[in-house]
Amino acid sequence: MELSGEDSILELAGVTVTYKMPRGIAKVVDGVDLKVNEGEVLGLIGESGSGKSMLASAIMRVVPPPGITTGSIIFKSELLNGKIDLLKLPLTKFRQVRWKELAMVFQGAMNSFNPTIRIKEHFLDTASAHGWHDRGEVLEKASKLLELVRLEPGRVLDSFPHELSGGMKQRALIALSLLLDPRLLILDEPTSALDTVSQRVILDVLKDIYHRLKLTMIFITHDVPIIAGLAQRVAIMYAFKVVEVGPIEEIFRAPVHPYTRGLLSTIPSLTTDIDEIKPIPGRHPDPINPPPGCRFHPRCPYRDEKCMKEEPSFIEVKPGHFVLCHKALEIGGGGAS
């Protein structure tokens, strides 16, 4: 099943990630199929605990054991001359791809920097780990990247991480992720711990990077309005599965999956009566003992016996718009309820 156009840089098929918990083994990513088109920004949206960050970590092969138990992650690599399954690459080969072609900005910039060394040493260490040892060239490239993210290189490079604000650290981390000219950048909640002004700056910086570098991005967030002006397509995750994928304008205007409809209906606006904003009823499923059938059925107003017993398959409701729901065609493309 095609969840995007033909010109994909990343293709996930049946990816499952398991995680040990005190009560047992949980599937924190469960059979995810997803494609990322070259040159696009794909928004990956879902509430906390839906599996978004774990899916990103699986792409980067940094999940703890048992880890990725099924599936394939096909990446279009220029370095290795073609499409390769990242999960089958020997670790030595994968390290050639990671950061040079495939980079990630992890959630929480403070935890991504070593507090005992200056920012410039992070750039130098990253370059050195990939065979680039010319300090002058590295620092010149770092300075240009810091300017790209609207920071002063002279100040930032000689600073320790604690001397920078949260927004500055996040932008410095974005600059560091671009040092080796990756083709795909994954951003995991890059604005979640920032104030509104800093969020706006980060989004403007990312738009600028996208238009200047034509960089493919996956932007992970639980804050739906954040990516409205940045992404071209969105994938909605619920209970460790992707449940809806399509063009951002279409999904925001006419969501189909009951979870997407409920999620969008909780977003306040200047014209929405506060009494009309209601949370989705019920609780997020237990990762160890998820409900049978459709994962959303205990919270879904459209559920019937089939929903409670049979897992749904994706239905293409419009070209490029896929929904994991038995009743997708019945519900149609109406607005959020």
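Computed over heavy atoms, backbone and side chain alike; hydrogens, waters and symmetry mates excluded.
A donor-acceptor contact shorter than 3.5 Å links the side chain of Thr16 to the backbone of Gly31. In terms of modelled atom types and a separation under 3.5 Å, the side chain of His222 and the main chain of Gly49 share no donor-acceptor contact. Of the possible polar contacts, none joining the Asp204 side chain to the Lys207 backbone as a donor-acceptor pair under 3.5 Å is found. Proximity of a side-chain donor or acceptor of Ser77 to a complementary backbone N or O of Leu79 within less than 3.5 Å is detected. Between the side chain of Lys100 and the backbone N or O of Leu180, no donor-acceptor pair lies under 3.5 Å.
Placement of Val323 and Leu329 within a single hydrophobic cluster is found when ILVMFWY residues are connected by side-chain heavy-atom separations under 4.5 Å, directly or transitively. Following chains of ILVMFWY side-chain contacts shorter than 4.5 Å, one cannot reach Met54 starting from Phe240, and the two form parts of different hydrophobic clusters. One hydrophobic cluster, built from ILVMFWY side chains closer than 4.5 Å, cannot hold both Ile74 and Leu185; they sit in different ones. Taken together through direct or relayed side-chain contacts under 4.5 Å among Ile, Leu, Val, Met, Phe, Trp and Tyr, Ile288 and Val63 form part of one hydrophobic cluster.
Counting only heavy atoms from C-beta outward, the side chains of Ile73 and Phe75 never approach each other to under 4.5 Å. Residues Val62 and Phe106 form a side-chain contact, since some pair of their non-hydrogen atoms from C-beta on lies under 4.5 Å apart. Taking 4.5 Å as the limit, every side-chain heavy atom of Asn37 sits out of range of all side-chain heavy atoms of Gln232. With a 4.5 Å cut-off on side-chain heavy atoms, Glu163 and Arg155 do not count as touching. Using a 4.5 Å heavy-atom threshold, the side chains of Met21 and Pro287 count as touching. Looking only at side-chain heavy atoms (C-beta outward), Arg61 and Leu91 come within less than 4.5 Å of each other. Here the side chains of Val242 and Phe322 are not in contact, with every heavy-atom distance at 4.5 Å or above. No side-chain heavy atom of Leu184 sits less than 4.5 Å from a side-chain heavy atom of Lys76.
Between the CG atom in Leu215 and the OH atom in Tyr210 there is a gap of 9.5 Å [rounded to 0.5 Å]. Between atom OH of residue Tyr259 and atom CD1 of residue Ile45 there is a gap of 9.0 Å, rounded to the nearest 0.5 Å. Here CG of Leu42 is found 10.5 Å from CG of Leu230. Values are rounded to the nearest 0.5 Å. In this structure, the separation between CD1 on Ile186 and CE on Met60 is 6.0 Å, given to the nearest 0.5 Å. Rounded to the nearest 0.5 Å, atoms NE2 (His321) and CZ (Phe314) are 10.0 Å apart. Atom-to-atom distance recorded for Asp125:CG and Leu179:CG is 11.0 Å, nearest 0.5 angstrom.
With respect to Lys306 and Glu330, no salt bridge is recorded, no charged nitrogen being found less than 4.0 Å from a carboxylate O. Between Arg183 and Glu38 a salt bridge is recorded (basic side-chain N to carboxylate O distance below 4.0 Å).
In the displayed structure, Lys20 atom NZ is contacted under 6.0 Å by at most 12 heavy atoms of other residues, nucleotides or ligands. Other residues, nucleotides and ligands place no more than 12 heavy atoms under 6.0 Å from the OH atom of Tyr19. Heavy-atom neighbours of Glu147 CD from other residues, nucleotides or ligands within 6.0 Å: above the threshold of 12.
Asp188 and Ser53 share a side-chain donor-acceptor pair at under 3.5 Å.
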Side chain to side chain contact (heavy atoms under 4.5 Å, CB included), that's the test. Do Leu164 and Phe113 meet it? Break it down for me. CA-CA 11 Å; Leu164 305 179; Phe113 285 115; 6.0 Å; no

Go through Leu145 and Leu176 one step at a time and tell me if the side chain to side chain contact (heavy atoms under 4.5 Å, CB included) criterion holds. CA-CA 8 Å; Leu145 290 172; Leu176 179 59; over 6 Å; no

Take Leu213 and Leu148 through the side chain to side chain contact (heavy atoms under 4.5 Å, CB included) test and state the conclusion after the steps. CA-CA 11 Å; Leu213 305 181; Leu148 180 62; 4.2 Å; yes

Evaluate salt bridge (charged side-chain N to carboxylate O under 4.0 Å, His left out) for Lys141 paired with Asp181, printing each intermediate quantity in order. CA-CA 10 Å; Lys141 176 75 173 288; Asp181 299 317; 3.1 Å; yes

The test is side chain to side chain contact (heavy atoms under 4.5 Å, CB included); show your working for Arg295 and Val243 and say whether it passes. CA-CA 10 Å; Arg295 293 285 170 87; Val243 297; over 6 Å; no

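Taking the six-membered ring where the residue is Trp, Tyr238 and Phe296 present perpendicular rings, their angle passing 60° and hence far from 30°. Using bins of under 30°, 30° to 60° and over 60° for the plane-to-plane angle, the ring pair His162/Phe160 lands in the parallel bin.
Heavy-atom minimum distance, Arg299 versus Arg283: CD-O, 3.4 Å. Counting all heavy atoms, side chain and backbone alike, Pro312 lies closest to His326 at CA-CE1, 3.4 Å. In plain terms, the two heavy atoms of Asn114 and His122 that are nearest each other are N-NE2, 2.8 Å. Closest non-hydrogen pair, Val17 versus Ala58, comes out as CG2-CB, 3.8 Å. Across every non-hydrogen atom of Gly43 and Ile227, the tightest pair is CA-CD1, 3.6 Å. Summarising the geometry of Thr191 relative to Gln199, their closest heavy-atom pair is O-NE2, 3.0 Å, with the distance given to 0.1 Å.
The side chain to side chain contact (heavy atoms under 4.5 Å, CB included) with Leu187 is formed by just one residue from the set Ile220, Leu44, Leu206, Ile218; it is Leu206. Of the residues Leu263, Val256, Leu264, the one that meets the side chain to side chain contact (heavy atoms under 4.5 Å, CB included) test with Thr260 is Leu264.
Screening residues 89-99 for side-chain hydrogen bond (donor to acceptor under 3.5 Å, both in side chains) gives no qualifying pairs among residues at least two apart or on separate chains.
Residues Tyr302 and His257 keep their aromatic ring centres 6.0 Å or farther apart.
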